[in-house]
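The structure displayed is predicted, hence computed values, not measured ones. Positions are given from 1, in the same order as the sequence printed here.
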Amino acid sequence: MQISKDTLAGRTIVAVVYVAVIALLATGIFLGVWTAREMNAVVTDQFNAQQMVIAQTAKARVEREIGEIKRELYLQVQAVRGMDTDTQKLAESLHESLVRLSESGVRRVEVVDRAARRIFTGGLHGSWSERSLADPNIYDTVRFASAEEPSFWISPVRADTSDEEIVIAARLTPDMSRLMVFHLNVPALLSATVRTIQSGKTGYAWVIDQTGRFIYHPNPDFLGRDAFAVRDEKFPDISNERIHFIQKERMLKSDQGTGWYYSAWHRGYSGPTKKLIAYCPIHIADAPARFWSVAVVAPQSEVEDALRRGSFRLLLLQGLVVLAVILGAGAIIWLENSWSDLLEAKVLAKTTALAKSEEKYRSLIESAEDLIFTVDRAGCFQSLNTFTATFFGGPLEAFVGRHISSAFPEPNAAHQVRLIEQVYLTGKSIREEFELPTGDRSAWVSANFMPVKTETGDVGAILCIARDITETKNLQRHLVNAEKLASLGTLAAGVAHEINNPLGVILGFCELLLRKAEPGTQHYEDLQTIERQGLLCKETVENLLSFARAEKQRREFSDLNACIEDIVKIVRHLLEKNDIRLVLELGDGLPPAKGDARQLQQVFLNLMTNAMAAMDTGGTLTIRSFLERSTRRAVAQFHDTGAGILPEHIDHIFEPFFTTKPEGQGTGLGLFVSYGIIASYGGTIECASTPATGLGKQPGTTFTVKLPTGSAETAAKT
């Protein structure tokens, strides 16, 4: 059977058309795949460029923090230069800087006397110790490249007994015989500056030192270990050749750049993962040259997932356009390029928005001066802010994942676990106040336990926001005591008036009988005894009335120091007789204090008499006066080294007739009347005491009197 020429030509045309269509489809698919790859490469490069910006931001943060530490070190060198090695003076001079720089990782300061081979060490809590300088030691290697100031020497990262640290030294003397040294906790510094960095959804940062050791990594197993060895040890089934090349030939040579490598670990996920990396050096010192290298990494799958959905739709659209309009190739290319730009802009916008949102949230939580933390149902910490970690005396890493009993003492921890369980069961917030022991004292905390619900409405975690309300509790206690004393004053006035009438009759008749009795007889002596005891009762009643009487005081102002000096002249002999050493620390230039001089002297005499009674075997009485700047009040303090007051008595010492002295040695009205005198002038009188418990604490009692002040012109008018 022969095929006609027309049929053959038709079939040829159809075949050509089919071939053309298939070629166009293949070309379209090829162009789509090629475009997707190009777009992936472009977006990957852009993502890596953003990672480079993040790495450079981390570099700037660390360099700025170290620069601030150097500046503080130089200022402290200028402040103590020429000062002798008096440990008390050094501690007072440097303690404030240590506290201020503790968040940056500075944990102690040392003054090194290389000539005398001595070293003085100070810590965050104000302690100061001295020891011999060992041979050999790191300070013998300190050299300064320049004789000009300021000049610093920085050690390489070295492993301390507790963590990685560097030493920053500055000279105190031109011949470098004396040095001032800051010890900087490297993980603490980097945790404060690098830990919050996040690239994309799960990307993070890590830092190596000049020798290739990890000095910061989110995986704690890597910290302080050789980066090359730890990867080969933990992930022997994957080739680390590419990342080892980047570290050895780029990062350890102080280069910056971007790239990619395969890793077997990412945020707890184990398995081969292709990661994008951007790295840059952190310059620590110039002479000798010290640098670290920070790297920001993220899995490339995050970029590819965002592009894959768009690429699929793009390929489908290209195929439909090729099938429908063969001549629309130019339009397809234009649409492809536009779509690529749109996807790139979306990825960049989402990355930027995510970084800003994360930074804003972190800044809000970290700047709060409240205890903020989240726990799971078992009572284990999931997260907490820096203020909480500092309050409990440790870094964030020391608490995350651990039970709340690691921070809260028992039985507080057990009680909070019960509250957490109740919130999980009810799904409602619970607010409670409780007392929390903190060292030598206890603090009152108001805590609000709130459920954090998941998308399904279940309670996923518990958020706790707690605030220290110790001052509020103390104020409430003072208000209760003031109200109680006011009621007792009213009662005392009524009782005093009731006693005065029969007491006057007794004294009157006693005087008549004395006139009739013969002096020198037993009858006369008995009547005098009755009269003396009656007058003593009258004096007690008058003291009660002077406290309770609400008469208007004149606006009198007195020289507080003069009042103290006058009363000291009276009791100095008694103090010497009782083997009590008197220390006067009176402030200069005090403004006049509101109060009548005689009444203030009565208060001061009562306080000094009580102090002498508390030191029956001798001791030291220290009297201070100064101006409280914040309230513009004149303050007089009386501190003794006596036996102290028991805690169960401290709330009752201002009550009438309350005394701890033996019967017949005290009326219990001295502090009661003193309180009334000071309160009548708008002042306050407070007591703090440490009883003799035999536990090694120095016993003693401090009474603090605070009075309003006036100008010299006001005092002259009154």
Side-chain angles (χ1 to χ4, degrees), residues 66 69-70 72-95 97-99 101-102 104-147 149-190 209-215 223-226 284-292 394-395:
I66 293 180
I69 293 171
K70 289 180 179 178
E72 186 68 23
L73 174 58
Y74 179 69
L75 292 176
Q76 287 301 323
V77 165
Q78 298 301 312
V80 304
R81 180 167 285 171
M83 183 185 295
D84 57 19
T85 55
D86 186 321
T87 57
Q88 183 64 30
K89 292 182 179 180
L90 287 173
E92 292 175 355
S93 177
L94 298 173
H95 177 64
S97 289
L98 274 176
V99 174
L101 295 175
S102 61
S104 299
V106 176
R107 58 184 177 183
R108 72 177 186 272
V109 63
E110 292 179 341
V111 175
V112 181
D113 193 337
R114 296 199 292 189
R117 309 302 292 172
R118 304 296 293 171
I119 183 169
F120 305 86
T121 304
L124 281 173
H125 302 291
S127 59
W128 198 259
S129 61
E130 177 183 356
R131 69 179 188 276
S132 298
L133 191 60
D135 277 319
N137 61 82
I138 188 175
Y139 304 115
D140 289 336
T141 65
V142 175
R143 297 292 185 274
F144 296 92
S146 172
E149 295 287 355
S151 181
F152 305 93
W153 180 88
I154 300 181
S155 73
V157 178
R158 60 199 191 100
D160 189 7
T161 56
S162 59
D163 226 322
E164 308 289 312
E165 72 163 19
I166 61 173
V167 171
I168 305 177
R171 53 181 158 227
L172 283 170
T173 57
D175 60 354
M176 297 183 292
S177 62
R178 292 182 70 201
L179 307 173
M180 179 174 288
V181 178
F182 277 176
H183 287 256
L184 178 61
N185 185 303
V186 174
L189 169 66
L190 296 177
D209 68 1
Q210 205 163 347
T211 65
R213 287 189 312 126
F214 281 116
I215 55 178
L223 193 61
R225 302 186 62 182
D226 182 85
I284 306 302
D286 296 326
R290 309 276 192 221
F291 71 89
W292 303 334

Between [X] and [Y], which heavy-atom pair has the shortest distance, and what is it?
X: Ile119; Y: Glu110; value: CD1-OE1, 3.2 Å
X: Gly105; Y: Leu184; value: C-CD1, 3.5 Å
X: Ser132; Y: Arg118; value: OG-NH1, 2.5 Å
X: Ile154; Y: Ile284; value: CD1-O, 3.3 Å
X: Arg171; Y: Ser151; value: NH2-CB, 3.7 Å
X: Glu130; Y: Phe120; value: CD-CE2, 3.2 Å

Indicate yes or no: at least one non-hydrogen side-chain atom of [X] is less than 4.5 angstrom from one of [Y].
X: Arg117; Y: Asp135; result: yes
X: Phe214; Y: Arg225; result: no
X: Leu179; Y: Phe144; result: yes
X: Asn185; Y: His183; result: no
X: Val157; Y: Glu165; result: no
X: Arg108; Y: Thr121; result: yes
X: Thr211; Y: Pro156; result: no
X: Ile66; Y: Phe152; result: no

What's the separation between atom CG in Leu189 and atom CZ in Arg107, rounded to the nearest 0.5 Å?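 These two atoms lie 12.0 Å from each other.
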Find the distance between CD (Gln78) and CD (Glu149) and round it off to the nearest 0.5 Å. 6.5 Å
For the pair Arg158 and Asp209, find out whether any cationic side-chain nitrogen is under 4.0 Å from an anionic carboxylate oxygen.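 No, this pair does not count.
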When you measure from the side chain of [X] to the backbone N and O of [Y], does any donor-acceptor pair fall under 3.5 Å?
X: Ser177; Y: Ala115; result: no
X: Arg143; Y: Asp140; result: yes
X: Arg114; Y: Tyr139; result: yes

